[in-house]
Amino acid sequence: MNPIFALADCNNFYASCERVFAPALENQPIVVLSNNDGCVVARSNEAKTLGIPIGVPVFQVQNLIQTHQIRVYSSNYTLYGDMSRRVMETLCQFTPALEIYSIDEAFLDLTGCRGQDLAGYGRTIRNTVKKWTGIPVSIGIGRTKTLAKLANRLAKKSAKAAGVLDLTDSPHLPLALENTEIQDIWGVGPGFAKRLRQAGIQTALQLRDADDGWVRKHLGVVGLRTVYELRGMSCYGLELSPTDKKNIVVSKSFGRKIETLEELSEAVAAYAARAAEKLRRQNSAAAALTVFAMTDLFRKDQSRYFNSRTIELPTPTSDTGELIRYALEAARKIYRKNCLFKKAGVMLNALTSADHIQANLFDTIDRPRSRRLMDTLDRINASTAAALHYAAEGLAQPWKTRFQHRSAHYTTDWSQLPQVKTHTACLWHTGPSYDKITKLPINRRETEK
DNA sequence: TCTGGGGTCCTAGGACCC
DNA sequence: TCTGGGGTCCTAGGACCC
(Lines give C-alpha, C1' and ligand atoms only; values in the text may rest on other atoms or scores of the structure.)
Protein backbone atom coordinates (compact mmCIF):
# COMPACT_ATOMS: atom_id res chain seq x y z
CA MET A 1 0.00 0.00 0.00
CA ASN A 2 1.34 3.41 -0.92
CA PRO A 3 2.02 5.42 2.21
CA ILE A 4 0.83 8.92 3.01
CA PHE A 5 3.02 11.20 5.09
CA ALA A 6 2.26 14.41 6.91
CA LEU A 7 4.98 16.72 8.13
CA ALA A 8 4.05 18.87 11.11
CA ASP A 9 6.52 21.72 11.50
CA CYS A 10 6.31 24.36 14.21
CA ASN A 11 6.34 27.88 12.84
CA ASN A 12 9.40 29.86 13.98
CA PHE A 13 9.60 27.41 16.86
CA TYR A 14 11.97 29.13 19.30
CA ALA A 15 10.37 32.52 18.74
CA SER A 16 6.91 30.98 19.18
CA CYS A 17 7.96 29.38 22.48
CA GLU A 18 9.05 32.75 23.83
CA ARG A 19 5.77 34.26 22.72
CA VAL A 20 3.64 31.73 24.55
CA PHE A 21 4.95 33.18 27.81
CA ALA A 22 5.03 36.80 26.68
CA PRO A 23 1.70 37.24 24.89
CA ALA A 24 2.22 41.00 24.71
CA LEU A 25 4.77 40.20 22.00
CA GLU A 26 2.12 38.90 19.62
CA ASN A 27 2.72 40.66 16.28
CA GLN A 28 5.99 42.10 17.59
CA PRO A 29 9.31 41.19 15.96
CA ILE A 30 11.38 38.64 17.93
CA VAL A 31 14.74 36.99 17.31
CA VAL A 32 16.39 34.14 19.20
CA LEU A 33 20.17 33.82 19.29
CA SER A 34 22.55 30.87 19.17
CA ASN A 35 24.84 29.87 22.04
CA ASN A 36 26.98 32.72 23.31
CA ASP A 37 24.38 35.09 21.83
CA GLY A 38 26.29 34.87 18.55
CA CYS A 39 23.98 34.37 15.57
CA VAL A 40 20.28 34.70 14.86
CA VAL A 41 18.84 31.17 14.77
CA ALA A 42 15.11 31.92 14.86
CA ARG A 43 12.94 34.84 13.83
CA SER A 44 9.27 35.67 14.15
CA ASN A 45 7.54 36.52 10.85
CA GLU A 46 7.77 40.22 11.70
CA ALA A 47 11.55 39.96 12.12
CA LYS A 48 11.79 38.13 8.79
CA THR A 49 9.82 40.90 7.11
CA LEU A 50 12.21 43.46 8.55
CA GLY A 51 15.01 41.70 6.68
CA ILE A 52 16.86 39.86 9.44
CA PRO A 53 18.55 36.90 7.70
CA ILE A 54 18.81 33.49 9.34
CA GLY A 55 22.27 32.71 10.70
CA VAL A 56 23.48 36.30 10.63
CA PRO A 57 25.92 37.35 13.39
CA VAL A 58 23.88 39.54 15.67
CA PHE A 59 26.36 42.44 15.65
CA GLN A 60 25.75 42.83 11.93
CA VAL A 61 22.06 43.58 12.47
CA GLN A 62 22.37 45.62 15.66
CA ASN A 63 21.06 48.70 13.84
CA LEU A 64 17.95 46.95 12.57
CA ILE A 65 17.32 45.56 16.04
CA GLN A 66 17.47 48.99 17.63
CA THR A 67 15.59 50.85 14.93
CA HIS A 68 12.66 48.44 15.01
CA GLN A 69 12.76 47.58 18.71
CA ILE A 70 13.20 43.89 17.93
CA ARG A 71 13.03 41.74 21.06
CA VAL A 72 16.15 39.62 21.48
CA TYR A 73 16.28 36.31 23.35
CA SER A 74 19.12 33.94 24.13
CA SER A 75 18.46 30.28 23.41
CA ASN A 76 16.53 28.62 26.22
CA TYR A 77 16.84 24.95 25.30
CA THR A 78 15.29 23.78 28.55
CA LEU A 79 12.11 25.63 27.65
CA TYR A 80 12.15 24.64 23.96
CA GLY A 81 12.79 20.98 24.79
CA ASP A 82 9.82 20.88 27.13
CA MET A 83 7.52 22.71 24.69
CA SER A 84 8.63 20.29 21.98
CA ARG A 85 7.64 17.36 24.17
CA ARG A 86 4.17 18.85 24.60
CA VAL A 87 3.74 19.36 20.86
CA MET A 88 4.87 15.80 20.09
CA GLU A 89 2.55 14.33 22.70
CA THR A 90 -0.33 16.21 21.10
CA LEU A 91 0.60 15.01 17.61
CA CYS A 92 0.63 11.40 18.88
CA GLN A 93 -3.14 11.61 19.28
CA PHE A 94 -3.59 11.87 15.53
CA THR A 95 -1.55 9.01 14.12
CA PRO A 96 -0.61 5.42 14.89
CA ALA A 97 3.03 6.19 14.00
CA LEU A 98 5.00 9.36 14.67
CA GLU A 99 8.64 10.06 13.83
CA ILE A 100 10.12 12.90 15.83
CA TYR A 101 12.47 14.29 13.22
CA SER A 102 13.85 17.28 15.08
CA ILE A 103 12.98 19.49 18.01
CA ASP A 104 10.26 21.23 15.96
CA GLU A 105 9.28 18.71 13.29
CA ALA A 106 7.56 15.34 13.14
CA PHE A 107 6.40 13.03 10.37
CA LEU A 108 2.99 11.41 10.84
CA ASP A 109 1.78 8.26 9.13
CA LEU A 110 -1.61 9.13 7.61
CA THR A 111 -1.82 6.06 5.39
CA GLY A 112 -4.90 4.94 7.29
CA CYS A 113 -6.72 8.15 6.33
CA ARG A 114 -6.61 7.33 2.62
CA GLY A 115 -9.68 8.58 0.79
CA GLN A 116 -10.67 10.94 3.57
CA ASP A 117 -10.43 14.72 3.74
CA LEU A 118 -6.72 14.93 4.54
CA ALA A 119 -6.59 18.72 4.48
CA GLY A 120 -9.48 18.85 6.93
CA TYR A 121 -7.68 16.40 9.18
CA GLY A 122 -4.56 18.55 8.92
CA ARG A 123 -6.56 21.59 10.05
CA THR A 124 -7.83 19.65 13.06
CA ILE A 125 -4.26 18.73 13.99
CA ARG A 126 -3.10 22.30 13.56
CA ASN A 127 -5.92 23.76 15.65
CA THR A 128 -5.48 21.23 18.43
CA VAL A 129 -1.73 21.79 18.77
CA LYS A 130 -2.29 25.53 18.89
CA LYS A 131 -5.00 25.18 21.52
CA TRP A 132 -3.18 22.71 23.75
CA THR A 133 0.35 24.13 23.56
CA GLY A 134 0.12 27.65 22.18
CA ILE A 135 2.50 26.74 19.34
CA PRO A 136 1.44 27.34 15.72
CA VAL A 137 2.28 24.46 13.38
CA SER A 138 2.00 23.98 9.64
CA ILE A 139 1.02 20.68 8.06
CA GLY A 140 2.19 19.40 4.68
CA ILE A 141 0.84 16.13 3.30
CA GLY A 142 2.23 14.03 0.46
CA ARG A 143 3.06 10.58 -0.91
CA THR A 144 6.68 10.77 0.26
CA LYS A 145 8.57 12.54 2.99
CA THR A 146 10.16 14.84 0.41
CA LEU A 147 6.74 15.81 -0.97
CA ALA A 148 5.34 16.30 2.55
CA LYS A 149 8.26 18.63 3.25
CA LEU A 150 7.61 20.50 0.04
CA ALA A 151 3.90 20.79 0.83
CA ASN A 152 4.73 22.06 4.31
CA ARG A 153 6.95 24.79 2.93
CA LEU A 154 4.16 26.00 0.63
CA ALA A 155 1.59 25.70 3.44
CA LYS A 156 3.65 28.20 5.41
CA LYS A 157 4.13 30.58 2.48
CA SER A 158 0.67 30.62 0.96
CA ALA A 159 -1.99 32.73 2.62
CA LYS A 160 -4.67 30.66 0.90
CA ALA A 161 -3.35 27.39 2.34
CA ALA A 162 -3.51 28.91 5.84
CA GLY A 163 -0.98 26.50 7.25
CA VAL A 164 -2.25 23.23 5.75
CA LEU A 165 -1.56 21.83 2.28
CA ASP A 166 -2.35 18.37 0.96
CA LEU A 167 -0.50 17.43 -2.23
CA THR A 168 -1.52 13.77 -2.21
CA ASP A 169 -2.77 13.00 -5.74
CA SER A 170 -3.44 16.71 -6.05
CA PRO A 171 -4.02 18.40 -9.44
CA HIS A 172 -1.93 21.24 -8.02
CA LEU A 173 1.17 19.05 -7.57
CA PRO A 174 2.89 19.97 -10.88
CA LEU A 175 2.38 23.67 -10.19
CA ALA A 176 3.68 23.25 -6.64
CA LEU A 177 6.80 21.56 -8.02
CA GLU A 178 7.24 24.27 -10.61
CA ASN A 179 7.01 26.95 -7.94
CA THR A 180 9.69 25.30 -5.79
CA GLU A 181 13.29 26.16 -6.56
CA ILE A 182 15.80 23.34 -6.29
CA GLN A 183 17.63 24.72 -3.26
CA ASP A 184 14.33 24.61 -1.37
CA ILE A 185 13.98 20.85 -1.84
CA TRP A 186 14.75 18.65 1.17
CA GLY A 187 17.99 16.87 0.29
CA VAL A 188 19.33 19.52 -2.08
CA GLY A 189 22.00 21.63 -0.43
CA PRO A 190 24.24 24.33 -1.89
CA GLY A 191 26.57 21.82 -3.58
CA PHE A 192 23.86 19.90 -5.42
CA ALA A 193 21.98 23.11 -6.27
CA LYS A 194 25.06 24.52 -8.00
CA ARG A 195 25.58 21.38 -10.09
CA LEU A 196 21.90 21.29 -11.01
CA ARG A 197 21.79 24.93 -12.07
CA GLN A 198 24.85 24.40 -14.23
CA ALA A 199 22.89 21.66 -15.96
CA GLY A 200 19.93 24.02 -16.47
CA ILE A 201 17.75 22.47 -13.77
CA GLN A 202 16.09 25.20 -11.73
CA THR A 203 12.86 23.83 -10.30
CA ALA A 204 11.60 20.75 -8.49
CA LEU A 205 9.50 19.93 -11.57
CA GLN A 206 12.60 19.89 -13.78
CA LEU A 207 14.47 17.78 -11.25
CA ARG A 208 11.59 15.32 -11.05
CA ASP A 209 11.81 14.83 -14.82
CA ALA A 210 15.61 14.72 -15.01
CA ASP A 211 17.47 11.76 -16.52
CA ASP A 212 18.15 9.02 -13.95
CA GLY A 213 21.60 8.24 -15.34
CA TRP A 214 22.68 11.87 -15.20
CA VAL A 215 21.42 12.27 -11.64
CA ARG A 216 23.10 9.04 -10.50
CA LYS A 217 26.37 10.15 -12.01
CA HIS A 218 26.39 13.72 -10.69
CA LEU A 219 24.45 13.51 -7.41
CA GLY A 220 24.98 9.88 -6.44
CA VAL A 221 22.37 7.53 -5.01
CA VAL A 222 21.32 10.16 -2.49
CA GLY A 223 20.35 12.55 -5.28
CA LEU A 224 18.57 9.80 -7.17
CA ARG A 225 16.48 8.97 -4.11
CA THR A 226 15.39 12.59 -3.92
CA VAL A 227 14.29 12.42 -7.57
CA TYR A 228 12.32 9.22 -6.93
CA GLU A 229 10.68 10.83 -3.92
CA LEU A 230 9.64 13.82 -6.05
CA ARG A 231 7.99 11.30 -8.40
CA GLY A 232 5.98 9.93 -5.51
CA MET A 233 8.03 6.77 -4.93
CA SER A 234 8.75 6.57 -1.23
CA CYS A 235 12.43 5.86 -0.45
CA TYR A 236 12.45 6.96 3.17
CA GLY A 237 10.08 5.32 5.62
CA LEU A 238 9.19 6.47 9.10
CA GLU A 239 11.88 5.85 11.69
CA LEU A 240 9.90 5.17 14.78
CA SER A 241 12.47 4.47 17.45
CA PRO A 242 15.48 6.73 17.76
CA THR A 243 18.65 4.78 17.00
CA ASP A 244 21.70 5.05 19.19
CA LYS A 245 24.20 7.73 18.22
CA LYS A 246 27.41 6.51 16.63
CA ASN A 247 29.34 9.58 17.74
CA ILE A 248 28.76 11.95 20.59
CA VAL A 249 30.10 15.50 20.44
CA VAL A 250 30.06 18.28 22.99
CA SER A 251 31.66 21.45 21.75
CA LYS A 252 31.02 25.06 22.56
CA SER A 253 32.56 28.46 22.12
CA PHE A 254 33.70 30.09 25.32
CA GLY A 255 32.03 33.14 26.80
CA ARG A 256 35.45 34.74 26.84
CA LYS A 257 38.83 33.72 25.45
CA ILE A 258 40.92 31.19 27.37
CA GLU A 259 44.68 31.56 27.72
CA THR A 260 45.77 29.18 30.50
CA LEU A 261 45.99 25.41 30.51
CA GLU A 262 44.04 25.42 33.79
CA GLU A 263 40.99 27.04 32.24
CA LEU A 264 41.20 24.97 29.09
CA SER A 265 41.35 21.86 31.26
CA GLU A 266 38.27 22.94 33.21
CA ALA A 267 36.27 23.47 30.05
CA VAL A 268 37.41 20.20 28.48
CA ALA A 269 36.58 18.32 31.70
CA ALA A 270 33.11 19.88 31.76
CA TYR A 271 32.49 18.97 28.10
CA ALA A 272 33.73 15.43 28.71
CA ALA A 273 31.31 15.11 31.64
CA ARG A 274 28.37 16.24 29.46
CA ALA A 275 29.43 13.82 26.72
CA ALA A 276 29.66 10.98 29.25
CA GLU A 277 26.10 11.73 30.41
CA LYS A 278 24.83 11.48 26.84
CA LEU A 279 26.79 8.27 26.42
CA ARG A 280 25.21 6.63 29.46
CA ARG A 281 21.75 7.80 28.46
CA GLN A 282 21.95 5.45 25.47
CA ASN A 283 23.76 2.78 27.49
CA SER A 284 26.93 2.95 25.39
CA ALA A 285 30.63 2.99 26.13
CA ALA A 286 33.33 4.76 24.12
CA ALA A 287 36.52 3.11 22.88
CA ALA A 288 38.07 6.36 21.63
CA LEU A 289 38.01 10.00 22.62
CA THR A 290 39.07 13.10 20.69
CA VAL A 291 39.70 16.54 22.12
CA PHE A 292 40.09 19.59 19.92
CA ALA A 293 40.70 23.25 20.66
CA MET A 294 41.02 26.29 18.45
CA THR A 295 41.54 30.00 18.48
CA ASP A 296 39.11 32.42 16.84
CA LEU A 297 39.43 31.44 13.18
CA PHE A 298 37.55 34.58 12.09
CA ARG A 299 40.27 36.83 13.45
CA LYS A 300 42.83 37.58 10.78
CA ASP A 301 44.96 39.78 13.07
CA GLN A 302 45.79 37.11 15.67
CA SER A 303 47.72 33.91 15.22
CA ARG A 304 45.36 31.09 14.40
CA TYR A 305 45.72 27.63 15.82
CA PHE A 306 43.73 24.42 15.66
CA ASN A 307 44.78 21.09 17.06
CA SER A 308 43.18 17.82 18.05
CA ARG A 309 44.29 14.63 19.72
CA THR A 310 42.63 11.24 19.68
CA ILE A 311 43.19 8.69 22.40
CA GLU A 312 42.28 5.02 22.03
CA LEU A 313 40.99 3.75 25.35
CA PRO A 314 42.36 0.40 26.56
CA THR A 315 38.85 -0.63 27.65
CA PRO A 316 35.62 1.02 26.40
CA THR A 317 34.13 3.09 29.21
CA SER A 318 31.31 5.43 30.14
CA ASP A 319 32.81 6.47 33.47
CA THR A 320 32.95 10.27 33.72
CA GLY A 321 36.05 10.30 35.89
CA GLU A 322 37.95 8.06 33.52
CA LEU A 323 36.86 9.96 30.42
CA ILE A 324 37.85 13.25 32.07
CA ARG A 325 41.28 11.83 32.83
CA TYR A 326 41.91 10.93 29.18
CA ALA A 327 40.40 14.20 27.98
CA LEU A 328 42.76 16.18 30.20
CA GLU A 329 45.70 14.19 28.91
CA ALA A 330 44.71 15.11 25.36
CA ALA A 331 44.12 18.74 26.34
CA ARG A 332 47.65 19.00 27.75
CA LYS A 333 49.05 17.71 24.47
CA ILE A 334 47.26 20.24 22.29
CA TYR A 335 47.53 23.24 24.61
CA ARG A 336 49.85 25.96 23.36
CA LYS A 337 51.08 29.02 25.22
CA ASN A 338 50.19 32.50 24.00
CA CYS A 339 47.12 31.27 22.16
CA LEU A 340 43.71 32.77 22.87
CA PHE A 341 41.41 29.75 22.72
CA LYS A 342 37.88 30.45 21.55
CA LYS A 343 36.35 27.01 21.33
CA ALA A 344 37.01 23.42 22.33
CA GLY A 345 35.21 20.12 22.04
CA VAL A 346 35.17 16.52 23.16
CA MET A 347 34.12 13.72 20.81
CA LEU A 348 33.38 10.16 21.86
CA ASN A 349 33.86 7.62 19.07
CA ALA A 350 33.85 3.88 18.48
CA LEU A 351 30.80 3.48 20.68
CA THR A 352 29.71 0.03 21.78
CA SER A 353 27.02 -1.31 24.06
CA ALA A 354 27.94 -0.88 27.71
CA ASP A 355 26.57 -4.38 28.35
CA HIS A 356 29.11 -6.13 26.12
CA ILE A 357 32.44 -4.59 26.96
CA GLN A 358 35.48 -6.54 25.91
CA ALA A 359 37.50 -6.77 29.10
CA ASN A 360 41.16 -5.91 29.07
CA LEU A 361 43.53 -8.24 30.90
CA PHE A 362 45.41 -5.36 32.47
CA ASP A 363 42.35 -3.36 33.47
CA THR A 364 42.75 -2.00 36.97
CA ILE A 365 39.33 -0.39 37.31
CA ASP A 366 36.50 -1.98 39.26
CA ARG A 367 33.87 -1.84 36.49
CA PRO A 368 30.80 -2.90 38.49
CA ARG A 369 31.60 -0.30 41.12
CA SER A 370 32.08 2.38 38.47
CA ARG A 371 28.67 1.56 36.98
CA ARG A 372 26.96 1.82 40.35
CA LEU A 373 28.65 5.14 40.98
CA MET A 374 27.58 6.53 37.59
CA ASP A 375 24.01 5.29 38.10
CA THR A 376 23.84 7.13 41.41
CA LEU A 377 25.37 10.27 39.93
CA ASP A 378 22.86 10.29 37.06
CA ARG A 379 19.92 9.68 39.37
CA ILE A 380 20.84 12.56 41.65
CA ASN A 381 21.46 14.91 38.76
CA ALA A 382 18.15 13.92 37.19
CA SER A 383 16.17 14.81 40.30
CA THR A 384 18.08 18.01 41.04
CA ALA A 385 19.44 19.45 37.82
CA ALA A 386 23.24 19.38 37.73
CA ALA A 387 23.61 18.98 41.49
CA LEU A 388 26.87 17.02 41.34
CA HIS A 389 29.98 17.91 39.35
CA TYR A 390 33.53 16.69 39.16
CA ALA A 391 36.00 19.10 40.73
CA ALA A 392 38.00 19.15 37.48
CA GLU A 393 35.11 21.05 35.84
CA GLY A 394 35.84 24.05 38.03
CA LEU A 395 33.42 26.05 40.13
CA ALA A 396 33.34 29.59 38.80
CA GLN A 397 33.71 28.55 35.13
CA PRO A 398 34.41 32.08 33.87
CA TRP A 399 34.77 30.70 30.33
CA LYS A 400 31.15 29.51 30.32
CA THR A 401 28.91 30.22 27.34
CA ARG A 402 26.99 33.50 27.61
CA PHE A 403 23.20 33.73 27.63
CA GLN A 404 22.51 37.34 28.44
CA HIS A 405 18.92 37.51 27.27
CA ARG A 406 17.58 34.22 28.50
CA SER A 407 13.93 33.91 29.48
CA ALA A 408 12.84 31.86 32.49
CA HIS A 409 12.44 28.08 32.63
CA TYR A 410 8.69 28.62 32.80
CA THR A 411 7.64 25.00 32.49
CA THR A 412 10.42 23.02 34.15
CA ASP A 413 11.34 24.89 37.35
CA TRP A 414 8.87 25.53 40.19
CA SER A 415 10.65 28.72 41.13
CA GLN A 416 10.24 30.13 37.62
CA LEU A 417 6.55 29.51 36.97
CA PRO A 418 4.89 32.37 35.14
CA GLN A 419 2.95 34.59 37.50
CA VAL A 420 -0.69 35.27 36.83
CA LYS A 421 -2.20 38.43 38.24
CA THR A 422 -5.85 38.31 39.12
CA HIS A 423 -8.36 39.95 41.44
CA THR A 424 -9.26 38.63 44.86
CA ALA A 425 -12.88 38.59 43.75
CA CYS A 426 -12.01 35.95 41.22
CA LEU A 427 -10.03 33.94 43.72
CA TRP A 428 -13.02 33.82 46.03
CA HIS A 429 -14.39 30.95 44.01
CA THR A 430 -11.19 28.97 43.89
CA GLY A 431 -11.43 27.77 47.49
CA PRO A 432 -8.48 25.90 48.93
CA SER A 433 -6.24 26.54 45.94
CA TYR A 434 -6.07 30.21 46.97
CA ASP A 435 -3.32 29.54 49.47
CA LYS A 436 -1.49 27.37 46.98
CA ILE A 437 -1.49 30.07 44.37
CA THR A 438 -0.30 32.88 46.57
CA LYS A 439 2.37 30.74 48.17
CA LEU A 440 3.97 29.88 44.87
CA PRO A 441 7.35 31.50 44.55
CA ILE A 442 7.13 34.65 42.53
CA ASN A 443 9.26 34.83 39.42
CA ARG A 444 11.77 37.51 40.25
CA ARG A 445 12.49 38.35 36.63
CA GLU A 446 8.88 39.22 36.05
CA THR A 447 8.57 41.43 39.11
CA GLU A 448 11.71 43.36 38.26
CA LYS A 449 10.48 44.26 34.80
C1' DT B 1 34.33 44.00 20.38
C1' DC B 2 30.76 40.65 18.53
C1' DT B 3 30.44 34.97 13.74
C1' DG B 4 26.32 28.07 17.01
C1' DG B 5 26.17 23.13 17.92
C1' DG B 6 25.27 18.40 16.81
C1' DG B 7 24.44 14.88 13.86
C1' DT B 8 23.99 11.24 9.41
C1' DC B 9 25.16 8.92 5.10
C1' DC B 10 27.95 8.00 0.95
C1' DT B 11 32.16 7.51 -1.72
C1' DA B 12 36.84 7.02 -3.04
C1' DG B 13 41.15 5.39 -2.09
C1' DG B 14 44.61 3.01 0.60
C1' DA B 15 45.99 -0.91 3.50
C1' DC B 16 45.85 -5.45 3.98
C1' DC B 17 44.70 -10.30 3.27
C1' DC B 18 44.42 -14.73 0.79
C1' DT C 1 59.98 -8.40 -21.14
C1' DC C 2 57.17 -10.45 -17.84
C1' DT C 3 54.96 -8.07 -12.50
C1' DG C 4 47.18 -11.32 -10.37
C1' DG C 5 42.80 -10.46 -8.75
C1' DG C 6 39.30 -9.99 -5.67
C1' DG C 7 37.54 -8.98 -1.29
C1' DT C 8 37.09 -6.38 3.21
C1' DC C 9 37.97 -2.85 6.36
C1' DC C 10 39.11 1.72 7.61
C1' DT C 11 39.46 6.64 7.04
C1' DA C 12 39.01 11.19 5.28
C1' DG C 13 36.35 14.24 3.03
C1' DG C 14 32.20 15.86 1.10
C1' DA C 15 27.43 16.15 0.91
C1' DC C 16 23.27 16.76 3.52
C1' DC C 17 19.95 17.76 7.71
C1' DC C 18 18.04 20.52 11.89
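In what follows, every chain begins at residue 1, and chains take the letters A, B, ... in the order their sequences are listed.
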(message) I'd like to compare against my own output: the B/S/- annotation of nucleotides 13-18 of chain C with a strict under-4.0 Å heavy-atom distance to protein.
(response) --SSSS
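- The side chain to side chain donor-acceptor pair (under 3.5 Å) contacts involving residues 250-268 of chain A comprise Arg256(A)-Glu263(A), Glu266(A)-Trp399(A), where partners must be two or more places apart or lie in separate chains.
- With salt bridges taken as basic N to acidic carboxylate O contacts below 4.0 Å, none links Glu329(A) and Arg332(A).
- The aromatic rings of Tyr236(A) and Trp186(A) stand perpendicular to each other, their planes meeting at an angle above 60°, with 30° marking the opposite boundary.
- Rounded to whole Å, the distance from NZ on Lys217(A) to P on dT11(B) is 15 Å.
- Each of dT11(B), dC2(B), dT3(B) was ranked by its minimum atom distance to the side chain of Arg299(A); first place goes to dC2(B).
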Which donor-acceptor pairs under 3.5 Å do the side chains of residues 298-315 of chain A make with protein atoms, sequence neighbours left out?
unit_1    : atom_1 : unit_2    : atom_2 : d
Arg299(A) : NE     : Asp301(A) : OD1    : 2.9
Arg299(A) : NH2    : Asp301(A) : OD2    : 3.1
Arg304(A) : NH1    : Leu297(A) : O      : 3.0
Tyr305(A) : OH     : Asn307(A) : ND2    : 3.0
Tyr305(A) : OH     : Ile334(A) : O      : 2.7
Thr310(A) : OG1    : Thr290(A) : OG1    : 2.9

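- Spacing between atom NE2 of His405(A) and atom P of dG4(B) amounts to 15 Å, rounded to whole angstrom units.
- Checking dC10(B), dT3(B), dG6(B) against every side-chain atom of Val221(A), the shortest atom distance belongs to dC10(B).
- With rounding to whole Å, Asn349(A) atom CG is found 10 Å from dT11(C) atom P.
- For residues 212-221 of chain A, the set of pairs meeting the side chain to side chain donor-acceptor pair (under 3.5 Å) definition, not counting sequence neighbours, comprises Asp212(A)-Arg231(A), Trp214(A)-His218(A).
- Checking the phosphate oxygens (OP1, OP2) of dT3(B), a side-chain nitrogen or oxygen of Lys342(A) falls inside 4.0 Å.
- Contacts of Tyr80(A) classified as ring-ring contact (aromatic ring centres under 6.0 Å, His included), with partners at least two apart in sequence or in another chain: Tyr14(A).
- Between Gln404(A) atom CD and dT1(B) atom C1' the separation is 12 Å, expressed in whole Å.
- Map Val41(A) and Arg225(A) each onto its nearest nucleotide of DNA chain B; the residue landing nearer the 5' end is Val41(A).
- Remark: Cys39(A) pairs with Ser34(A) by the side chain to side chain contact (heavy atoms under 4.5 Å, CB included) rule, at least two apart or across chains.
- Using P as the reference atom, dC18(C) and dC2(B) are 30 Å apart when rounded to the nearest Å.
- Across the protein-nucleic acid pair, Lys252(A) atom NZ and dG7(B) atom P stand 10 Å apart, rounded to whole Å.
- One can place NZ of Lys278(A) at 8 Å from C1' of dG5(B), the figure rounded to the nearest angstrom.
- A salt bridge links Glu46(A) with Arg19(A): at least one charged nitrogen is closer than 4.0 Å to a carboxylate oxygen.
- Dashed line: the shortest gap from a side-chain N or O of Asn36(A) to OP1 or OP2 of dC2(B) is not under 4.0 Å.
- Between Lys343(A) and dG6(B), a side-chain N or O to OP1/OP2 separation shorter than 4.0 Å is absent.
- Residues passing the salt bridge (charged side-chain N to carboxylate O under 4.0 Å, His left out) test with Arg85(A), sequence neighbours excluded: Asp82(A), Glu89(A).
- Pairs passing the side chain to side chain donor-acceptor pair (under 3.5 Å) check and including a residue from residues 136-154 of chain A, sequence neighbours excluded, read Asn11(A)-Ser138(A), Glu99(A)-Lys145(A), Glu105(A)-Lys149(A), Arg143(A)-Asp169(A), Thr146(A)-Glu229(A), Asn152(A)-Lys156(A), Arg153(A)-Asp184(A).
- Distance check: Ser16(A) OG to Ile30(A) CD1 gives 8.0 Å after rounding to the nearest 0.5 Å.
- Remark: Ser251(A) is in phosphate contact with dG6(B), judged by side-chain N or O atoms under 4.0 Å from OP1 or OP2.
- Between Glu277(A) atom CD and dG6(B) atom C1' the separation is 16 Å, expressed in whole Å.
- Rounded to a whole Å, the CZ atom of Phe292(A) is 12 Å from the P atom of dG4(B).
- Considering only side-chain N and O atoms, Lys246(A) lies nowhere under 4.0 angstrom from the phosphate OP1 or OP2 of dG6(B).
- Within residues 56-69 of chain A, the residues approached by DNA chain B to less than 4.0 Å at the level of any non-hydrogen atom are Pro57(A), Phe59(A), in residue-number order.
- Scanning DNA chain B for stems, defined as runs of 3 or more consecutive Watson-Crick or G-U wobble pairs whose donor-acceptor distances all fall under 3.5 Å, gives the following ranges: B:5-18 with C:5-18.
- Partners of Asp209(A) according to the side chain to side chain contact (heavy atoms under 4.5 Å, CB included) rule, which considers only residues two or more places apart in sequence or in another chain, are Leu205(A).
- Judged as a salt bridge (charged side-chain N to carboxylate O under 4.0 Å, His left out), and not counting sequence neighbours, Arg43(A) has no contacts.
- Contacts of Ile248(A) with the nucleic acid, taken as non-hydrogen atoms under 4.0 Å apart, involve only primed sugar atoms and P, OP1 or OP2.
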